[in-house]
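Source: prediction; values computed, not measured.
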Amino acid sequence: MARRYDCNDATDRATGLREAASAVRRGELVVLPTDTVYGIGADAFTSEAVADLLDAKGRGRNMPTPVLIGSPNTLHGLVTDFSEEAWELVDAFWPGALTLVAKHQPSLQWDLGDTRGTVAIRMPLHPVAIELLIEVGPMAVSSANLTGHPSPEDCDAAQGMLGDSVSVYLDGGPTPGIVPSSIVDVTGATPVLLRAGALSAEELRKVVPDLEVAN
């Protein structure tokens, strides 16, 4: 039976975060609020949990799961060949709605799907999410919806779709909006905007003027 906690109540929030952290460490799934939409998350380094996440969404390995982190410092252990421009984007827009596609460390023991040696990584601007991520470390997190259905902006919508496939629901109230994060590929010599979302190409070019836009 899934458990749900009201993160607008201080006592319930503390209990919920503790229970969510325990669930993640056991390889179970949790739903958490972010600064875009609600996400379904699992320990990024537990392959079975990530597979369960994809199954819960009805999603294939051809759509790998992004990773959320609680601090930019965590990047040092996860990515390689991270350019100066990539760090400038981190400094300017994290925490926030910017996802960076980077080369991950070859030594990492994780299986996020068919990533071809890359990882899509972000630090969300949401206190509940950041607190959980700091406690448990990097999490594989995707929008908390069934594939083909709208991304949920509140916990009710997420729970209505995912039900008891999730152990713990952290209810932080409605999310600020459904606009997704912008995605920038920093695996090459020049950053490339793959998806314009909350951040436009014009905003990003104020930090990295040579940013290209994918066709």
Side-chain angles (χ1 to χ4, degrees), residues 1-9 12-13 15-44 46-70 97 99 110-115 119-133 135-136 138-183 195 197-198:
M1 177 68 72
R3 290 156 289 159
R4 179 166 164 172
Y5 299 91
D6 179 3
C7 293
N8 292 311
D9 176 271
D12 223 27
R13 171 175 167 157
T15 303
L17 283 164
R18 185 172 63 248
E19 291 296 316
S22 296
V24 171
R25 294 188 183 106
R26 290 193 301 268
E28 297 171 3
L29 305 180
V30 302
V31 159
L32 63 154
T34 78
D35 50 343
T36 54
V37 296
Y38 272 77
I40 177 174
D43 177 11
T46 303
S47 299
E48 296 84 356
V50 177
D52 287 345
L53 187 160
L54 294 174
D55 286 344
K57 284 177 59 73
R59 183 169 176 169
R61 288 177 52 81
N62 61 315
M63 298 178 69
T65 307
V67 169
L68 296 188
I69 59 176
T99 297
W110 64 13
D111 183 3
L112 304 169
D114 297 331
T115 64
V119 60
I121 198 162
R122 184 167 88 86
M123 180 182 176
L125 181 59
H126 196 290
V128 173
I130 288 176
E131 195 168 340
L132 179 60
L133 291 161
E135 178 64 27
V136 302
M139 289 180 64
V141 179
S142 182
S143 55
N145 60 301
L146 296 174
T147 298
H149 292 250
S151 298
E153 297 177 76
D154 58 49
C155 199
D156 285 341
Q159 192 165 6
M161 285 185 277
L162 299 172
D164 287 339
S165 63
V166 170
S167 294
V168 175
Y169 288 85
L170 297 177
D171 183 358
T175 58
I178 202 166
V179 179
S181 65
S182 297
I183 302 176
R195 180 182 76 188

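- A pairwise comparison of heavy atoms in A2 and D164 identifies N-OD1, 3.2 Å as the closest pair.
- Judged by distance alone, the side chain of D12 and the main-chain N or O of D6 form a donor-acceptor pair under 3.5 Å.
- Considering CD of E48 and CG of D43, their distance stands at 10.0 Å, rounded to 0.5 Å.
- Within the 4.5 Å cutoff, the side chain of S142 has heavy atoms near those of the L53 side chain.
- P180 and T36 make their closest contact through C-CG2, 4.3 Å (heavy atoms, listed as atom of the first residue, atom of the second, distance).
- Heavy-atom minimum distance, V37 versus S143: CG2-CB, 4.0 Å.
- The side-chain heavy atoms of L162 and V31, taken from C-beta on, include a pair separated by under 4.5 Å.
- The CG atom of D55 sits 9.5 Å away from the CG atom of L29 when rounded to the nearest 0.5 Å.
- The nearest pair of heavy atoms linking A198 to A97 is CB-CB, 3.5 Å.
- Salt-bridge annotation for K57 and D52: absent, with no side-chain N of the basic residue lying under 4.0 Å from a carboxylate O of the acidic one.
- None of V50, I40, V24, V67 except one satisfies the side chain to side chain contact (heavy atoms under 4.5 Å, CB included) rule with M139; the exception is V24.
- For the pair Y38 and C155, the minimum side-chain heavy-atom distance is below 4.5 Å.
- A salt bridge between E19 and R4 is absent, with no side-chain N of the basic residue lying under 4.0 Å from a carboxylate O of the acidic one.
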| field | T34 and R122: CA distance, side-chain angles, deciding distance, side chain to side chain contact (heavy atoms under 4.5 Å, CB included) verdict | value | CA-CA 11 Å; T34 78; R122 184 167 88 86; 3.8 Å; yes
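- From S151, atom OG reaches atom CE of M161 across 7.5 Å, with rounding to the nearest 0.5 Å.
- With a 4.5 Å cut-off on side-chain heavy atoms, T175 and D35 do not count as touching.
- Considering only heavy atoms from C-beta on, L17 comes within 4.5 Å of V128 through its side chain.
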| request: With side chain to side chain contact (heavy atoms under 4.5 Å, CB included) as the test, would you mind laying out the steps for Y169 and V30 before giving the verdict? | output: CA-CA 6 Å; Y169 288 85; V30 302; over 6 Å; no
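- Going from atom CD of E135 over to atom OG of S22 covers 8.5 Å, rounded to the nearest 0.5 Å.
- Contact between A56 and S165 at its shortest, heavy atoms only, is CB-OG, 3.8 Å.
- Using a cut-off of 4.0 Å between Lys/Arg side-chain N and Asp/Glu carboxylate O, E131 and R13 are scored as salt-bridged.
- Residues R195 and S181 bring a donor and an acceptor atom of their side chains to less than 3.5 Å of each other.
- If you take CZ on R3 and CG on L170, they are separated by 10.5 Å, rounding to the nearest 0.5 Å.
- With R59 contributing its side chain and M63 its backbone, the two residues share a donor-acceptor pair below 3.5 Å.
- With rounding to the nearest 0.5 angstrom, the CD atom of E28 is 11.0 Å from the OG1 atom of T46.
- Within the 3.5 Å criterion, the main-chain N or O of A140 finds no donor-acceptor partner in the side chain of T65.
- T99 is not listed as a side-chain neighbour of I121, based on a closest heavy-atom distance of 4.5 Å or more.
- Ion pairing between D111 and R61 holds under the 4.0 Å rule for side-chain N and carboxylate O.
- Listed here is the closest heavy atom pair of P33 and A129: O-CB, 3.4 Å.
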